[in-house]
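Contents: one structure, followed by commentary.
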Amino acid sequence: MLINVILRVLPFYLREPIIIAVCLSFAGLALYYFVQVGGWGRGGFGLLFLAIAVLRAYFFRRELRSHRAAKAGGVGPQA
């Protein structure tokens, strides 16, 4: 797929916010329809997309801090 090629070419500091934004929009859409129409499946998908977005944001934050520390010549966090 073309979107896969585009996302692989982009650097992580552009790719990750795009993925987080898409996940949050899907989560909002699914949770909106869960509130309006009902159905546990919609609520489950909303929570799933929300969890994916939160995890991607957490790892993106760690990676960005490590990248900035390495760029400044410091030692990144040891995990």
* Asked: Leu10 versus Ile18: any side-chain heavy-atom pair under 4.5 Å?
  ->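 In short, these two side chains touch, coming nearer than 4.5 Å.
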* **side chain to side chain donor-acceptor pair (under 3.5 Å) contacts in which one or both residues fall within residues 10-24, not counting sequence neighbours** =>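 Of all non-adjacent pairs touching residues 10-24, those that pass side chain to side chain donor-acceptor pair (under 3.5 Å) are Glu16-Arg56.
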* So how far is it from Leu55 CG to Ile20 CD1, rounded to the nearest 0.5 Å? ->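 Spacing of CG (Leu55) from CD1 (Ile20) equals 10.0 Å.
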* Asked: When rounded to the nearest 0.5 angstrom, what distance separates CD1 in Ile52 from CG in Leu47?
  ->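 Here the interatomic distance stands at 11.0 Å.
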Side-chain donor/acceptor pairs under 3.5 Å, residues 22-44, sequence neighbours excluded:
unit_1 : atom_1 : unit_2 : atom_2 : d
Ser25  : OG     : Ala21  : O      : 3.3
Ser25  : OG     : Val22  : O      : 2.7
Arg42  : NH1    : Gly38  : O      : 2.7

